[in-house]
Each structure stands twice: as C-alpha cells, then as structure tokens.
Amino acid sequence: MQYIDIANQGVKSLSPYQAGKPIEELERELGISDIVKLASNENPFGFPESAKQAIRNQLDNLTRYPDANGFELKQAIAKKFDIQPNQITLGNGSNDLLELFAHTFAGEGDEVIYSQYAFIVYPLVSKAINAVDKEIPAKNWGHDLAGFLTELSHKTKLIFIANPNNPTGNFLTEQELDAFLAKVLESVIVVLDEAYTEFTLPEERVDSFGLLKKYPNLIISRSLSKAYGLAGLRIGYAVSNPEIADLLNRVRQPFNCNSLALASAIAVMNDDEFVTKVAKNNRIEMARYEQFCQQYDLDYIPSKGNFITIDFKRPAAPIYEALLREGVIVRPIAGYGMPNHLRVSIGLPQENDKFFAALIKVLDLTQAK
Ligand SMILES: *Cc1c(COP(=O)(O)O)cnc(C)c1O
C-alpha cells in the first residue's frame, strides 16, 4: 500500500522545507574550508556572549523540565515592551508559533489567506491542517492588501502577513497595516510576522503593539533567530490580547521551549547593545549591496530585512552552483516561484567582500558560455 493515500489530504500537496545548505555539507562535498554562508538570514556576529553565559549557568539544571510557563522570559519581554505577561506566548522558534496559530484557529475547510512570495511556512502549516489556502498575487513582490480584502469570506479564519517579508524584503508601513486592519472583521485572526522588525529603522518601524490596542484580532509574532542570534536554540514569542494567548496556551505543547533557549532569550532581551550592533552592521552593509548591484547592473528588490534578493533575469541555479564552488552559500528560491532570483543574507564586511568577489567571477564565467 501507499501511505500517502492515507495521509491527510493537505499533506499530499506538501513538499519538505528546503533549508539553506549547511557549511559542513559543502565542506564534505567539495573538501574546501573557509566557506561563507549567507543563506539562512542568520546573525553574522555569532552567538551572543550574554547568552553563552546564561547557558553555562543552566547546565546543572538540565535534568529538570524547563519552566512550562516561561515565567521569567515573559517578565523580561513584558518589561522591555511595556506589555503584560499574559499577552505573551512562547514558541520553539516562531515557526512553532505559526503552526500553533493555525491549529488553534483554523481547521478543515477553513480559509487561510497569505501572499504570493510570502514566507513558505504559511502554506505549509495551512495545508497540513487541511485548510483551504488562498494565495493572493503579489504586487511588486510584496503584499497586495487590497487583494487580500477581496478574498475575505465568511470562511476566512486566518491571515498571515510577513513584515518585512521573507524572501523579498518588502515592507508595509504602519498606515497601510492600520487601514487594512480597520477593514477586517474582528472574527478573523490577523498574524503579523515580524521576524525582521529589529532591522528596520526606529522611525519607520511599525508600532505593532500600538496596533494591538486597537485591533484585538491581531497576533504579533517575533523571532530570536535573526537579530538576536539564537537560531540554533529555537525560540520566539507571540503577543496578542490575553484571551487569544489563553487559547494558544491550551493547544501549545507543555514544554515547547527548552531551558537553554529560555535562559538565553532572557539574556539577549536585556542585551540591547548586541542588537544595536547587529542592526547597524546590517544597514551599512545593505547599502554596500545596493551599490554593488547598481554598479554591476543587477536588479534587486529593496529590502528592509537582513537579506537582499537579486534578480539575475535568467535561471539562477547555475549561478548558485558556481558560487558554491567559490565557497559561498546563498539561497535559491525557486521553491517560492522565483527561479531567477537568489536571496543573499547580509553578513560581516569581509563575508560580503567574499560574496562580491565570487559573484563577479561567477557572472563572468557563466555569461561566457
Ligand atoms: C526566519 C523566519 C521566521 C522564523 O524563524 P524561527 O527561527 O522559527 O523563529 C518566521 N518568519 C519569517 C518571515 C522568517 O523569515
């Protein structure tokens, strides 16, 4: 028998998530070292010292279950953002939270709305619960919120919006989001995925916790994998009205966040210096990427994230492969329906220099054919 025949209907249309290529894998394949990975929007500054210390302090406690309620981390988050701890839900990475939202609010036949070229986890979690996913065609690679409104129906349970979006880096302003939320019924949950918000400038940043005071159907999702540098530990948090947080807490697995992740997250929540340094490097280096692209006549999507997506106007797979041979890992995004683009995470200055040099070499080679 074929087990796919007995799997949930939605699972049949899924394919496994394609992660960025690990450095060790390329080392094994090519027998080279000195590899630069700019493929998963990870933090180029490495694991923060404040978190290392927090982990050392936890080592003797690992025989116990973690605090199932994440009391101290919720206190730290609440204090930092002037919100209440009972508004917070912790996740094993924010991907865990995205799945939790789907499980809590949508079921078979319910409609879930998200944008074309939006984060691939939205269709993944929607299809897995046999929901009907409605992908709204993108406008200039970003969310067409007017298009979202035309697809709302009495079956709509959930809307996913990534801001800034991954893999395109598009950004919606607070005014645009506010105007949209004003037109959505309170009975539809709107998830605002802000995995990259720390990279936006303070003056342009969306005051999403302010929006939450106006719109009780809003859930804000945040990650500690990007600006905070904790990708390997898997920790994120959601902020919502307390009633929604209570519902999420019923569905959440009891010990979804481990002790090391909790302790590290508390440490980095109080480590503004680290995040400021990371965001500053990102701004300076993003400007260099834009200059580089302009100089070499490469089209790119202007990005508010810690990555930039370049349009090569021809299949990008050979360019990706050639970059690998130069020891540079970037991210192909054909799985998003963008086969001519590559997404490049912004690294440290010397990593970016290596990418620039490798790309110049590779473009010469691949064009010559
Ligand atoms: C990276 C990313 C996430 C989540 O990452 P976690 O590591 O699971 O916290 C969520 N949303 C978007 C848009 C992302 O790019």
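Every number for a ligand or one of its atoms is a count from 1 in the order of the listing.
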Starting from atom 5 (O) of ligand 1, locate the nearest protein heavy atom and write down its residue, its atom name and how far away it is, to 0.1 Å.
Ser94 OG, 3.5 Å
Work out whether the distance between some heavy atom of Gly236 and some atom of ligand 1 is less than 4.0 Å.
no
Only heavy atoms of Ala195, strictly under 4.0 Å: list the atoms of ligand 1 that pass.
2 (C), 3 (C), 10 (C), 11 (N), 12 (C), 14 (C)
Tell me yes or no: between the side chains of Tyr228 and Asp271, is some donor less than 3.5 Å from an acceptor?
no
Given Asn306, Leu233, Leu224, Asp193, which has its nearest heavy atom closest to atom 13 (C) of ligand 1?
Asp193
Around atom CD of Gln253, are there more than 12 heavy atoms from other residues, nucleotides or ligands closer than 6.0 Å?
no
Linked, directly or transitively: Phe199 and Leu348 (ILVMFWY side chains, under 4.5 Å):
yes
Verify the neighbour count for atom CD of Glu204: are there more than 12 heavy atoms of other residues, nucleotides or ligands below 6.0 Å?
yes
Could you tell me whether Ser225 and ligand 1 have an N or O pair separated by under 3.5 Å?
yes
Quick check on the hydrophobic clustering: are Val184 and Ile136 connected, directly or via other members, by side-chain heavy-atom contacts under 4.5 Å?
yes
Relative to Phe81, does Arg222 satisfy both conditions: NZ or CZ under 6.0 angstrom from the six-membered ring centre, and within 45 degrees of the ring's axis?
yes
What is the nearest protein non-hydrogen atom to atom 1 (C) of ligand 1, stated with its residue, atom name and distance?
Lys226 NZ, 1.4 Å
Suppose I only count heavy atoms of Asn166 and a 4.0 Å limit; which atoms of ligand 1 are within that range?
13 (C), 14 (C), 15 (O)
Of all protein heavy atoms, the one nearest atom 8 (O) of ligand 1 is Arg234 NH2, 2.7 Å
